[in-house]
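Okay, structure first, notes after.
Both ligands and their constituent atoms are indexed starting at 1 by order of listing.
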Amino acid sequence: MSNPASPPAASVLAERPPLTFPPGFLWGAATAAYQVEGAAAVGGRTPSIWDTFSHTPGRVVAGHTGDVACDHYHRLDWDVALMAELGLKSYRFSVSWPRVQPGGTGPINQEGLDFYRRLVDQLLANGIEPWLTLYHWDLPQPLEDAGGWPARDTAARFADYATLVAGALGDRVRYWTTLNEPWCSAFLGYGSGVHAPGRSDPADAVRAGHHLLLGHGLAVPAVRAAARSDVEVGVTLNLYPVIPATDSPGDADAARRIDALANRFFLDPLLRGSYPADLISDLSRVTDFGHVRAEDLTAIAAPLELVGINYYSRHVVAAPAAAAPPEPYWRKPSCWPGSEGVRFVTRGMPVTDMDWEIDPPGLVETLRRVHEEYTDLPLYITENGSAFVDVVVDGQVDDPDRTAYFDAHLRAAHQAIAAGVPLRGYFAWSLLDNFEWAWGYTKRFGMIHVDYRSQARTLKASGRWYAETIRRNGLAAE
Ligand code: FCB
């Protein structure tokens, strides 16, 4: 729900001069398999943890599931035609693991793979660079039944799956990302349990995070070995600037803790080859990190060609309330193991329909931080976008708040480039309205409106604006 007291999102910007992006900047849009494909039981696909979770009463708003979603599986031609109409230079999609390797082990399912072959071929025929994500949260259910990401073997299964997909599509797909947002898979999936598989155990959440990282580290050389020689391999992280609500030492400590769990838990092993010492100490009540073998960190820090960053908002945090609740609060399901009492505060800034504060400067800070503190690698914004309530009037969707959100964040991206960040591309989230996880179909992020009853697609005003932005490789003065 949007906050009625906050000013309209379109007011975030005062002045908007024209801006041009570097030549070759990769303009794209993103989706994920479970969110758009539907065809859940078609062509040999078997259930993933999201099928099981969404079919469990009470897990997803209104009992929505991804059974049909945008029916993208059957409407591929139409959707690629829309991408071409937008003038996309790249399309970021994910492969459904249980579609191409039902059950998560064994040989490839040709029928499932054929869908992605057709997708990739159609993209290439339209001059759209395919950008493939191997894992956007849809773990095959039998692998969860065998322990899921808290089990070490899942990392090896993921590397096998990566080998299969890279062997099949690696000749045509140049850009590969292993995982999408491992923080969500680990800490929402196994910590708070608000995402599939819906388990809540702080130690399991930390183990899941490690095995996701290990799976990435094993998949990187697997992809490189099987794919074309100019392959570019990376990973996508959801990063947040984390700032204290006040300058009190307690709030500063809260910010350090949340930064460690949200950001450095992933950035440090991937780009420095070690877990941060303060994170290990913050988690001492939860785990002794006995699940980490020395050789894991070498694997996790496998050399990459790029880093993908998903950016939506910023975290503002405060120390736990002075009067702790009587029952130890850390027994409650939380996505912040070891730091369960930290409070998340809002600043009264404009928010999206997710209630996420709109904070474009946070994107500049995030990009600069990754570049200045971690790596010289090319960076890509692999997701950025906003949910707003849309209405179709006379076949049109006028969504100025979404356009303003894109505009403000692209200006922030440009500012980061001017500050020396090697930012090479931007993917709007999302191409289509889609299944927004625990929120089902109640949150619309698309540049294209989807009527879920008729499956009609309507290009929103923000989509037309984005097409124009791509065409001019930059932003007009407003
Ligand atoms: C990201 C997810 C993506 C979508 C957006 C809104 O965390 O990667 O699938 O749900 O949020």
For this session: Answer yes if the ring centres of Y34 and H136 are under 6.0 angstrom apart, and no otherwise.
Result: no
Exercise. Given the side-chain rings of F427 and W429, with only the six-membered ring counted for Trp, is the space between their centroids under 6.0 Å?
Worked result: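 Distance test on ring centres: not under 6.0 Å, no.
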Exercise. Any idea which part of Q35 is under 4.0 Å from ligand 1, heavy-atom wise: side chain, backbone, both or neither?
Worked result: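 It is the side chain that gets close, since no backbone atom is under 4.0 Å.
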Exercise. Would you say the side chains of D268 and Y374 form a donor-acceptor pair under 3.5 Å?
Worked result: yes
For this session: Using only heavy-atom distances, determine whether the side chains of S430 and T31 contain a donor-acceptor pair under 3.5 Å.
Result: no
For this session: Kindly write out the residues that satisfy ring-ring contact (aromatic ring centres under 6.0 Å, His included) with Y311, not counting sequence neighbours, or none if the list is empty.
Result: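 If we apply the ring-ring contact (aromatic ring centres under 6.0 Å, His included) test to Y311, skipping adjacent residues, the hits are H409.
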Exercise. Are M354 and ligand 1 in contact, using a heavy-atom cut-off of under 4.0 Å?
Worked result: no
Heavy-atom nearest neighbour in the protein, as seen from [atom], with distance rounded to 0.1 Å:
| atom | value |
| --- | --- |
| atom 3 (C) of ligand 1 | E383 OE1, 3.3 Å |
| atom 10 (O) of ligand 1 | E436 OE1, 2.7 Å |
| atom 7 (O) of ligand 1 | E181 OE1, 2.5 Å |

For this session: Report the member of W429, Y312, W439, W437 with the shortest heavy-atom distance to atom 11 (O) of ligand 1.
Result: Y312
When the side chains of residues 94-101 are checked against the rest of the protein, which donor-acceptor pairs come out under 3.5 Å, sequence neighbours left out?
from: S94; atom 1: OG; to: A33; atom 2: N; distance (Å): 2.8
from: S96; atom 1: OG; to: R45; atom 2: NE; distance (Å): 3.4
from: S96; atom 1: OG; to: R99; atom 2: N; distance (Å): 3.3
from: W97; atom 1: NE1; to: Q101; atom 2: OE1; distance (Å): 2.8
from: R99; atom 1: NE; to: E37; atom 2: OE1; distance (Å): 2.8
from: R99; atom 1: NH1; to: A39; atom 2: O; distance (Å): 3.3
from: R99; atom 1: NH1; to: V42; atom 2: O; distance (Å): 3.4
from: R99; atom 1: NH2; to: E37; atom 2: OE1; distance (Å): 3.0
from: R99; atom 1: NH2; to: G38; atom 2: O; distance (Å): 3.0
from: R99; atom 1: NH2; to: A39; atom 2: O; distance (Å): 3.3
from: Q101; atom 1: NE2; to: G106; atom 2: O; distance (Å): 2.8

Under a 4.0 angstrom heavy-atom cut-off, which atoms of ligand 1 come close to [X]?
| X | value |
| --- | --- |
| F445 | 6 (C) |
| H136 | 2 (C), 3 (C), 8 (O), 9 (O) |
| W137 | 2 (C), 7 (O), 8 (O) |
| N180 | 8 (O) |

Exercise. Short question: side chain of R444, backbone of D390 - any donor-acceptor pair under 3.5 Å?
Worked result: no
